Amino acid sequence: MCSPLLMSRQATLKFDLYIDESGSFRERGVANRPIGTASSPRIHSQIVGLLVPTGDIRADAEKVHREAHERAGLELSAEVHATDILRTHPDAYRTLIAHVVDQVSTMRGRPTMRWQPVRLVNSVHLGFGDVLQNHTNMVAELVTRIFERLHQTANCPIAIGLVVEAYRVLGTDNHEDFVIEPEEYRRRLDERIALAILRRGQAQSSSTWSISRITLGGKRWRELQLCDLLSHASFNQFRNCPMSHRPRFQAMLKNFDFKLAVQPELVQIDEALEQCDFASAVKALAIASALGRSSDTDAFLERRRAVEDALTRTNAPARAPHFQIILSWLEQLIDIQRRADMGRALSQWILKELVPSLQNRLREIERSTLLWFELGLQRLILTASNHLGDLQTGRMACTTVDKLLPRIAGQWDHISIMMEALVAQGVHLTDSFEHEEVIRRLAMVAQYYQDLGSLLCDAMPSVFPERVRCNLRGKALGTALQAQTFAAIDEPEQLDHARKLSDEAIDEFCTPGDKERQYQYRAHLETIAQCFKDARGWLAKGLKSSDADHASIGGAIATLTSFDKGFYLLHWLRLGAEIHLARNLREATAFDAAWQSSRLGTSPWLTADSMYYPAHGIRRRAAIISAKRGDENAALSAVGRLRALSKDTSASLTMYLIEAATQIEIAALLGLNGQPARRLLDDSEPGRRGASQLVQLMMREWTASLPGIQRLLEPWPDAISAALVAKKAERGSHARTLLRLARRIPY
């Protein structure tokens, strides 16, 4: 897993965290217990581990084990289990643990290889749901606390690689232990960490924190066996640790010995209500619900009623700022922190749970005062769905926005929310290949702000300049530009109009970041137009590179941070793929040399098992370039890494479009010859899907409500079928047809 949190340009501190657990993780929670009451004396589940600078510590761990076993008079076996040693050799166990504590303490003091024991104890039996939820939430909480502690002493980017013994979950009440798939474990853990960061108020600090990877260890990993010994020794208040070494063990943990708190969300709600901070109370309610705990308990429902009572008693003008704070918080989460999945879930909870309850409480004449808040939430759900490539959920939100707009069109106080909703609709419709509708709607938004600026200048020329700029108008122009660019793939005569839109959008924005995004869009436009020199120029401008040659562009991208790097890498590889497809030998030679020297081929965007968009587009272009170079193995490998990104159940229609387009492109570039090329087009083997199967899936599951995509895909089945049965002399013609169809998918 590579979290979509932004990384800064500073040097990154890199750590590995090895963890083991003790306890049943069957905690049911303390939601109904009054705040402040003592926890029960039952044994507490815990997570214990070693935090070390990134590197190979296996040899050191082996040495610690070997020496400790020799001291204890025990034979060192391949697998080491503290429970078994204590049961069969209790005296030797104490000697073993004492030596391990001494050695870890020594390693902890090394300046270059510092081993820091860490521990999180569920001292209040806080429950998050079932065993799996308890386990992943505790791991997430430990990781978040470690980030916080490291951040206090090192204000720079921090990356942690997590190493676990197995994606194993202890058996639930009526079931045996089971193993969850790595992708599912990563998804759950990523989500839990994001929620823990939100709940602990660390959203801003976390912009430089990342989980670099999750590694599946094994029962014979000496590093994880050390964690098992440390966890066992510290379990149940250090009961199994020799008395002589308890103080030393506890001192080693010190600032990294954490405990879960009782119902932090409920405490936050109480404090927020006391201060009439209704926005913070709603945020805490939403987070508690998203965490999957407390939402159906008496204590939670009591707080929820109190929040709803307070909001109902507050008149509409006084309520509005609290709602605006909530919308701004969700927008930050979705657009700035790029936690679209989390932001959407929180928005949906507020929309489905809180808003209807408030409507029922308010008098009928007051209910219309909630409409703008509903529209704002729907706009955020639509925006998050756009980021996730989830066109089906996006279409539902888009339809709801259409229904809400006429109901609040006369409330001019909320015109900016209406315009933002129209821009979000424009993004969705662009992704849905309804380009004419995008251009029509967003031309209206752009014209509105242009007319308003002119009106202000005419009315107060001494105050307003002749040229009044508006960020929202720039967004409308930029979105319309993307629709015009995509339309120009089939209609090159639209390129000149697209360039005019691009110039206007660039001029509309004031901040460097917004302008740089428009430079990327312009580079894509010039790439489609096959004006490769101009495309390089716009990429270089966005990268602040004084030179626009491929070597300078590749070198500049290599220095970027993860999120910035992803989109610039996508645009450069788009350019490289188009150059190769156009058979421009001079440009292709320069690109290939720059690509090799940049060493970007080893980037996680191309190699990691789990990555977010634009990894899909990046791997697609890498596959095309490899195929055009004649490297079939590299092309098929890139396709395999792309397919891996859509294996989980959250894969969206947009991702499947990219995967299908890539497969028919590579099959066509391989000349439709051989079994690998044919399998890319038609493969019904379990765990694999050819382009034909993907198209059938998309047309069956999604396209009924998306007419633009339905029209786009209609010729695909026949074209694929014809290519599969084409005679050798006809394959070139069919390959060109497939490439033409795939090119219409611009992602």
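A quick note: this is a predicted structure, and the numbers were derived from the prediction, not measured.
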Worksheet item: How long is the span from the CG atom in L142 to the CG atom in N137, to the nearest 0.5 Å?
Response: 12.5 Å
Response to the item:
The reported gap from CG in L642 to CE in M655 (rounded to nearest 0.5 angstrom) is 10.0 Å
Worksheet item: Which residues satisfy the side-chain contact (heavy atoms from CB on, under 4.5 Å) test with D514, sequence neighbours excluded?
Response: N471, F509, T511, R517
Worksheet item: Can you name the nearest heavy-atom pair linking R344 to D390, along with the distance?
Response: NH1-OD2, 3.0 Å
Worksheet entry | From CA spacing to verdict: side chain to side chain contact (heavy atoms under 4.5 Å, CB included), L50, E223 | CA-CA 8 Å; L50 282 173; E223 309 94 307; over 6 Å; no
Worksheet item: Under 4.5 Å between any side-chain heavy atoms of Q46 and R119, yes or no?
Response: yes
Fill in: CG on L327 to CG on L380, rounded to 0.5 Å
6.0 Å
Worksheet entry | Distance-only side-chain donor-acceptor flag, H232 / D20, under 3.5 Å | no
Item to complete: State whether the side chain of E141 and the backbone N or O of F258 hold a donor-acceptor pair below 3.5 Å, judged by distance alone.
Response: no
Worksheet item: Has Q152 got more than 12 heavy atoms of other residues, nucleotides or ligands less than 6.0 Å from its CD?
Response: yes
Item to complete: Look up atom CG in L377 and atom CD1 in I350, then write down how far apart they are to the nearest 0.5 Å.
Response: 6.0 Å
Fill in: Within-4.5 Å side-chain heavy-atom neighbours: N122 and M138
yes
Worksheet item: With side chains defined as the heavy atoms from C-beta onward, is the minimum distance between L17 and I146 less than 4.5 Å?
Response: yes
Worksheet entry | Check: V104 and M252 side chains under 4.5 Å, non-hydrogen atoms | yes
Practice prompt. Examine the side chains of S231 and S22 and answer whether a donor and an acceptor come within less than 3.5 Å of each other.
Written response: yes
Worksheet entry | Closest approach of S603 to L569 (non-hydrogen atoms, all atoms of both residues) | OG-CD2, 4.4 Å
Item to complete: Start with the C-alpha gap between K475 and E420, add the side-chain angles, then the distance that decides, and say whether salt bridge (charged side-chain N to carboxylate O under 4.0 Å, His left out) holds.
Response: CA-CA 9 Å; K475 288 181 179 179; E420 286 169 349; 5.8 Å; no
Worksheet item: If only atom types and distance count, is the side chain of S598 paired as donor or acceptor with the main-chain N or O of G554 below 3.5 Å?
Response: no
Discussion item. Tell me which pairs pass salt bridge (Lys or Arg N to Asp or Glu O under 4.0 Å) where either residue lies in residues 322-335, with sequence neighbours left out.
Written reply: E331-R379
Worksheet item: More than 12 foreign heavy atoms under 6.0 Å from NZ of K515: is that the case here?
Response: yes
Practice prompt. Calculate, to the nearest 0.5 Å, the distance between atoms NE2 and CG belonging to H44 and N236 respectively.
Written response: 7.5 Å
Fill in: Lys/Arg-Asp/Glu bridge criterion (N-O < 4.0 Å) met for K219, E79
no
Worksheet item: Considering only heavy atoms from C-beta outward, does the side chain of E516 approach that of P512 to under 4.5 Å?
Response: yes
Worksheet item: So, does R114 use its side chain to make a donor-acceptor pair with the main chain of L51 at under 3.5 Å?
Response: no
Worksheet, complete the sentence: Residues L330 and G343: closest non-hydrogen pair is CD2-O, 4.0 Å
Item to complete: For the pair I57 and W115, evaluate side chain to side chain contact (heavy atoms under 4.5 Å, CB included) and give the outcome as yes or no after the intermediate values.
Response: CA-CA 10 Å; I57 67 165; W115 288 13; 4.1 Å; yes
Worksheet item: So F278 and I326, side chain to side chain contact (heavy atoms under 4.5 Å, CB included) or not? Walk me through it.
Response: CA-CA 9 Å; F278 306 140; I326 293 167; over 6 Å; no
Worksheet item: Taking R149 for the side chain and F256 for the main chain, is one N or O donor matched with an acceptor at less than 3.5 Å?
Response: no
Fill in: Nearest heavy-atom neighbours spanning S347 and I381
CB-CG1, 3.7 Å
Worksheet item: Have R641 and T607 got a donor and an acceptor in their side chains that come within less than 3.5 Å?
Response: no
Item to complete: Over 60° means perpendicular and under 30° means parallel, so classify the ring planes of Y613 and H616, tilted if in between.
Response: parallel
Worksheet item: Between Y747 (side chain) and P614 (backbone), is there a donor-acceptor pair under 3.5 Å?
Response: no
Worksheet item: Judged by atom type as modelled, is there a donor-acceptor pair below 3.5 Å linking the side chain of R599 to the main-chain atoms of A558?
Response: no
Fill in: Test item: H65 side-chain N/O and R222 main-chain N/O as donor-acceptor pair under 3.5 Å
yes
Worksheet item: About how many Å separate OG1 of T144 and NE2 of H151, when rounded to the nearest 0.5 Å?
Response: 13.5 Å
Worksheet item: Side chains of V282 and L354: does their closest heavy-atom pair fall under 4.5 Å?
Response: yes
Item to complete: Specify whether F147 and W209 have parallel, tilted or perpendicular ring planes, treating 30° as the upper limit for parallel and 60° as the lower limit for perpendicular.
Response: parallel
Worksheet item: Can you name the nearest heavy-atom pair linking L570 to G617, along with the distance?
Response: CD1-C, 3.5 Å
Item to complete: Report yes if some heavy atom in the side chain of K14 is under 4.5 Å from a heavy atom in the side chain of S212; otherwise report no.
Response: no
Worksheet item: Which atoms form the tightest heavy-atom contact between L388 and A340, and what is the distance?
Response: CG-CB, 3.8 Å
Worksheet entry | Side chain proximity check, L150 to L13, heavy atoms < 4.5 angstrom | no
Item to complete: Examine distances only and state if a side-chain atom of D228 and a backbone atom of A82 form a donor-acceptor pair shorter than 3.5 Å.
Response: yes
Worksheet item: Partners of D16 by side-chain contact (heavy atoms from CB on, under 4.5 Å), sequence neighbours excluded?
Response: Y18, V52, T54, R213
Worksheet item: Would R58 count as a cation-pi partner of W221, with NZ or CZ less than 6.0 Å from the six-membered ring centre and within 45° of the ring normal?
Response: yes
Practice prompt. Evaluate side chain to side chain contact (heavy atoms under 4.5 Å, CB included) for I334 paired with H387, printing each intermediate quantity in order.
Written response: CA-CA 8 Å; I334 293 166; H387 290 332; 3.5 Å; yes
Discussion item. Between S328 and Q324 (side chain of the first, backbone of the second, donor and acceptor by atom type, cut-off under 3.5 Å), is there such a pair?
Written reply: yes
Discussion item. Is it the case that the side chain of R246 and the backbone of C241 share a donor-acceptor pair, with hydrogens and angles ignored and the cut-off at 3.5 Å?
Written reply: yes
